[in-house]
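First up is the structure itself, then whatever we jot down about it.
These values consider heavy atoms only, across backbone and side chains, with no hydrogens, waters or symmetry-generated copies. Since this is a predicted model, take the numbers as computed values, not measurements.
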Amino acid sequence: MAKEKITGAEALMRSLEHEGVTTLFGYPGGAIMPVYDALYQYKNKLNHILVRHEQAATHAAQGYARVSGRVGVCLVTSGPGATNTITGIADAMMDSTPIVVIAGQVGTAMLGSDAFQECDLVGITQPISKWAYQIRRPEDIAWAVSRAFYIAKSGRPGPVVLDFAKNAQQGLVDYEPQDIDFIRSYVPVPEPEVEAIRQAADLINHAQRPFILVGQGVELGGAQAEVRELIERADIPAGCTLLGLSALPSDHPLNMGMLGMHGSLANSVKTQECDVLIAVGMRFDDRITGKLSTYAQQAKKIHFEIDPSEINKNVAVDVAVLGDCKQTLSEVLALVTPHRHRDWVDSFKPHFEEEKTVVIEPEIHPAEGPIKMGEVVRMVTEMTDNKAILVTDVGQNQMMAARYFKFSENRSIVTSGWMGTMGFGLPAAIGATFGAPGRMVCLFLGDGGIQMTLQELGTIMEQHSPVKIILLNNNYLGNVRQWQEMFFGKRYSFTPMMNPDYNMIASAYGIPSRTVVERGDLASAIQEMIDTEGPYLLQVAVIEEGRVLPMCCPGNDVDDMILDY
């Protein structure tokens, strides 16, 4: 009996369904129209979210992937539709976010002819993706999609790009689903070495002043319980990277808070005093290490990592434990004996007290003056019981949110780490509402970042996506302004912002909103936001010349932090 022949476009639909996809974000156009025509018949199976810009599709897919642990999918057309995804693909690559970008392309007969909206998407995206492939025949669709999803989600996750020629969309094929779980020469998870496991456990067992750095790899690998067991058994204080903040509960007694340029003073000082530094699923980026030549020179270093290219890339380590950190931590735990390091743990406290007095209390409980970003963040997290998902844009809003938001559940922070992509927040928050529909999503952003993807209020309007938008408006590009204040003699070159009436804009999109200027109105406005079903825009007028502190200035030792200036 002859098999049923279907179009390549429908074969894509069936392949996505076979991969368990239920939600995708996209924007139609000429070269992808056959796929959208097939999608019309699958709209009860595949929930397509129409964004207002292709970059937003990638960020929404990122937000979806980060909170759900699944692969985010976006669908765009060729030419500018495809090139508009580049920032999101690069962002996903360095932040290890599994997304699959499917872009239309001109037919193979027209490739290389400079046809309308033709561009070399594979050539453009190869350096910023795990795999980029052009589908030229309908016979290759099932194979390419299965391979794409396997690569995106396996090992160190990341983005995959499928460039889908129009003739492959329109041609007929005998469709057979495929399940790829092996690719020759691709080793997503290195096999742990027994000797490395033994050496790591030995260093931990003999440490007097151990310190663990918890990265996003702990969340990606599902190793939260193993990390928690390790720090509790061996009594090890822990600091978290920006992307790893929700891997440990914020109130855990051994969680010492955020690492890095704007992290806690205690973490920065103790990095330079520990005798064993244990890094789990993090990449020793410059925002964590400060000046590399002086970073933790006194410490033996253990690096738990799934990606061999990260080993010794920035910081030379004594023991590299390659593999899935959930597995390798379990094997190390079997060899780790209980210890107590009370004096060492207690030595963090004076630094916490100093930071609390000089920085934290004036930020979250100011006696007078304009509202501050930190007090808004702290009030929102407390009034949502520390259970909300935090999404941020980039800038002072991001650092303040990371410093003062509290986490009680895993996979609860969505932010742009390596790329620092302004405009990330609004579409990423939309994606997060679809990735974790039962949870509240609180988005903090500034008056600069919101205007970069403001059009996505249209997506929120159409989907009634319940994003709680907290706009911290200081009428500046705040982070750049702070650097201009510190390093450029207060020459605020093109950082003051002339802003529109955001309440009128929200109203035009049917989104309830409120603006707070006086501190006494803040709590009631936040409660109104929480109680409102669906989306809400809360604009808070905050101090214009606010400062994110502490700060390790670029090029300085990690413990050379300023608390005020």
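- Aromatic ring orientation, His339 versus His341: parallel (interplanar angle below 30°, classes split at 30° and 60°).
- Checking Glu456 against Tyr509 by side-chain atom types alone, no donor-acceptor pair falls below 3.5 Å.
- For the residue pair Ser246 / Glu219, a side-chain donor-acceptor distance below 3.5 Å is found, with atom types taken as modelled.
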Exercise answer: donor-acceptor pairs, residues 253-266 side-chain atoms, under 3.5 Å, sequence neighbours excluded:
residue	atom	partner	partner atom	Å
Asn255	OD1	Gly257	N	2.9
Asn255	ND2	Pro249	O	3.1
His262	ND1	Val548	O	3.4
His262	ND1	Pro550	O	2.9
Ser264	OG	Met256	O	3.3
Ser264	OG	Asn267	N	3.1
Ser264	OG	Asn267	ND2	3.1

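- Residues Gln216 and Ser96 have side chains that never bring a donor and an acceptor to within less than 3.5 angstrom of each other.
- Exactly one of Asn503, Asp501, Asn473 qualifies for a side-chain hydrogen bond (donor to acceptor under 3.5 Å, both in side chains) with Thr515. That residue is Asn503.
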For this session: Any chance you could lay out the side-chain contact (heavy atoms from CB on, under 4.5 Å) test for Asp91 and Thr58, step after step, and finish with the verdict?
Result: CA-CA 9 Å; Asp91 197 298; Thr58 58; over 6 Å; no
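- Side-chain contact, Arg439 with Ser412: a donor N or O sits under 3.5 Å from an acceptor N or O.
- Residues Arg403 and Glu355 are paired through a salt bridge, judged by an N-O separation under 4.0 Å between the basic side chain and the carboxylate.
- Here Glu310 pairs with Lys313 in a salt bridge; the nearest charged N to carboxylate O distance falls below 4.0 Å.
- Atom NE2 of His252 is surrounded by more than 12 heavy atoms from other residues, nucleotides or ligands within 6.0 Å.
- At a threshold of 4.0 Å, the pair Glu226-Lys326 counts as salt-bridged, since one of the basic side-chain nitrogens sits closer than that to a carboxylate oxygen.
- Using modelled atom types, one finds a donor on one side chain and an acceptor on the other under 3.5 Å when comparing His59 with Gln62.
- Look at Glu353 and Lys349 and you find no salt bridge, because none of the NZ, NE, NH1 or NH2 atoms lies under 4.0 Å from a carboxylate O.
- Residues satisfying the side-chain hydrogen bond (donor to acceptor under 3.5 Å, both in side chains) criterion with Glu485, sequence neighbours excluded, are Arg481, Arg547, Tyr565.
- A donor atom on one side chain and an acceptor atom on the other are found under 3.5 Å apart for Thr433 and Ser465.
- Rounded to the nearest 0.5 Å, atoms CD1 (Ile204) and CD1 (Ile302) are 4.5 Å apart.
- Applying the side-chain hydrogen bond (donor to acceptor under 3.5 Å, both in side chains) rule to pairs touching residues 291-300 yields Thr294-Asp557, sequence neighbours excluded.
- A donor and an acceptor atom, one from each side chain of Ser268 and Asp559, are nowhere located under 3.5 Å apart.
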